[in-house]
Q: 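Take this structure, written in structure tokens, and hold onto it; I'll ask about it next.
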Amino acid sequence: MAFEYRFDRVMKLAESEKQNLEVQYKKLFDAFEKLAHSLIDLVEQKKVVQTGLQQQMSQAITIDKMKMGISDVEKIDFLIEETSKQYHRAKLQLETFQTRLQDKAIEVKKYEKMREKQQRIYHKIVAKAEMKQMDDIAGQRTANR
């Protein structure tokens, strides 16, 4: 008789859920990383636009060009603000998901530990049964002589 873990299906289900959570976490992390890069790009773009506007203002510039430059900076500021909000929401979601993933990993680890413990107990019982069988065989051989 082979060892059969009674929580095997539950453990496999938990492992499957953990793998699904890992895939979803990876997707969320990639989206989070993309938001972070776009936020950095927007900040750099704002610096470039502001520098260009300051250079133009040090020279002779029309009011329309100045208004357009200021309008561009305001648009970029708005985009930075919106992207920043998305970034913080994604970060919070990522942290929450990370907690769920850690909890699931702990659950799987518990099932694995229980399985190992039950396997050790099973092997001790099997070894004891084999020893008893060997003792019985030896006793029968001694009695037959």
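Only heavy atoms go into these numbers, but all of them, side chains included; no hydrogens, no water, no symmetry mates.
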Q: At what distance, to the nearest 0.5 angstrom, does CZ of Arg115 lie from CZ of Arg6?
A: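 Interatomic distance, Arg115 CZ to Arg6 CZ, rounded to 0.5 Å: 13.5 Å.
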Q: What is the minimum heavy-atom distance between Leu35 and Ala90, and which atoms define it?
A: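 Nearest heavy atoms, Leu35 then Ala90: CD1-CB, 3.9 Å.
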Q: With sequence neighbours excluded, tell me which residues meet side chain to side chain donor-acceptor pair (under 3.5 Å) with Glu22.
A: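 So Glu22 forms no side chain to side chain donor-acceptor pair (under 3.5 Å) with any residue.
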Q: Could you measure the distance from the CD atom of Gln56 to the CE atom of Met66? Nearest 0.5 Å is fine.
A: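 Output value for this atom pair is 11.0 Å.
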Q: Does Glu107 pair with Lys104 as a salt bridge, N-O distance under 4.0 Å?
A: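 Between Lys104 and Glu107 there is a salt bridge, with a charged N closer than 4.0 Å to a carboxylate O.
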Q: Taking all heavy atoms of Ser38 and all of Thr83, pick out the closest pair and write down the distance.
A: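 For Ser38 and Thr83, the tightest heavy-atom pair comes out as OG-CG2, 3.6 Å.
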Q: Would you please test Glu130 and Val126 for side-chain contact (heavy atoms from CB on, under 4.5 Å) and show each step?
A: CA-CA 6 Å; Glu130 287 175 358; Val126 168; 3.6 Å; yes
Q: Do you know the tightest heavy-atom contact between Leu94 and Leu28?
A: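 Nearest heavy atoms, Leu94 then Leu28: CD1-CB, 3.8 Å.
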Q: Are the side chains of Gln133 and Ile137 in touch, meaning some heavy atoms are under 4.5 Å apart?
A: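 Yes, at least one pair of side-chain atoms sits under 4.5 Å.
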Q: Might you point out which heavy atoms bring Leu53 and Lys65 nearest each other, and give the distance in Å?
A: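 Heavy atoms only, the tightest pair is CD1-O, 4.5 Å.
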Q: Thr99 and side chain to side chain contact (heavy atoms under 4.5 Å, CB included): which partner among Asp103, Thr96, Leu101?
A: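 It is Asp103; the other options fail the test.
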Q: Calculate, to the nearest 0.5 Å, the distance between atoms NZ and CD belonging to Lys110 and Glu112 respectively.
A: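 Output value for this atom pair is 13.0 Å.
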Q: Could you tell me whether a side-chain N or O of Thr51 sits under 3.5 Å from a main-chain N or O of Lys47, the two making a donor and an acceptor?
A: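 It does hold such a pair.
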Q: Do Glu116 and Lys113 have side chains that get closer than 4.5 Å, going by heavy atoms?
A: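 Heavy-atom side-chain distance check passes, below 4.5 Å.
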Q: Compare every heavy atom of Val49 with every heavy atom of Ile76, then report the nearest pair and how far apart it is.
A: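 Looking at all heavy atoms of both residues, the shortest contact is CD1-CG2, 3.7 Å.
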Q: Quick one: which of Lys26, Lys27, Lys34 gives a side chain to side chain contact (heavy atoms under 4.5 Å, CB included) with Asp30?
A: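 With Asp30 as partner, Lys26, Lys27, Lys34 yield a single side chain to side chain contact (heavy atoms under 4.5 Å, CB included), made by Lys26.
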Q: Atom CE of Met68 and atom NZ of Lys75: how far apart are they, to the nearest 0.5 Å?
A: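 It is 9.0 Å, given to the nearest 0.5 Å.
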Q: Relative to the ring of Phe29, is the ring of Phe32 parallel (under 30°), tilted (30 to 60°) or perpendicular (over 60°)?
A: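 Tilted.
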Q: Using a 4.5 Å cut-off on heavy atoms from C-beta on, say whether the side chain of Arg120 contacts that of Lys117.
A: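 SC-SC contact between Lys117 and Arg120 confirmed.
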Q: Give the cluster check for Tyr122 versus Met114: same hydrophobic cluster or not, with ILVMFWY residues linked at side-chain heavy-atom distances below 4.5 Å.
A: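 Same cluster: Tyr122 reaches Met114 through Ile, Leu, Val, Met, Phe, Trp or Tyr contacts under 4.5 Å.
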Q: When rounded to the nearest 0.5 angstrom, what is the spacing between CD1 in Ile125 and NZ in Lys132?
A: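 Here the rounded value is 13.5 Å.
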Q: Counting neighbours of CD on Glu4 that are heavy atoms of other residues, nucleotides or ligands and sit closer than 6.0 Å, is the number greater than 12?
A: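 No, because the 6.0 Å sphere around CD of Glu4 holds 12 heavy atoms or fewer from other groups.
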Q: To the nearest 0.5 angstrom, please state how far the CD atom of Gln24 sits from the CD atom of Glu17.
A: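 Reported value, rounded in 0.5 Å steps: 10.5 Å.
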Q: Hey, quick one: are Val48 and Leu42 part of the same hydrophobic cluster, counting side-chain heavy atoms closer than 4.5 Å, chains of contacts allowed?
A: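 Not linked; separate clusters.
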Q: Taking only residues two or more places apart in sequence, or in another chain, which ones meet Phe97 in a ring pair (Phe, Tyr, Trp, His ring centres under 6.0 Å)?
A: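 Once residues adjacent in sequence are excluded, Phe97 has no partner under the ring pair (Phe, Tyr, Trp, His ring centres under 6.0 Å) criterion.
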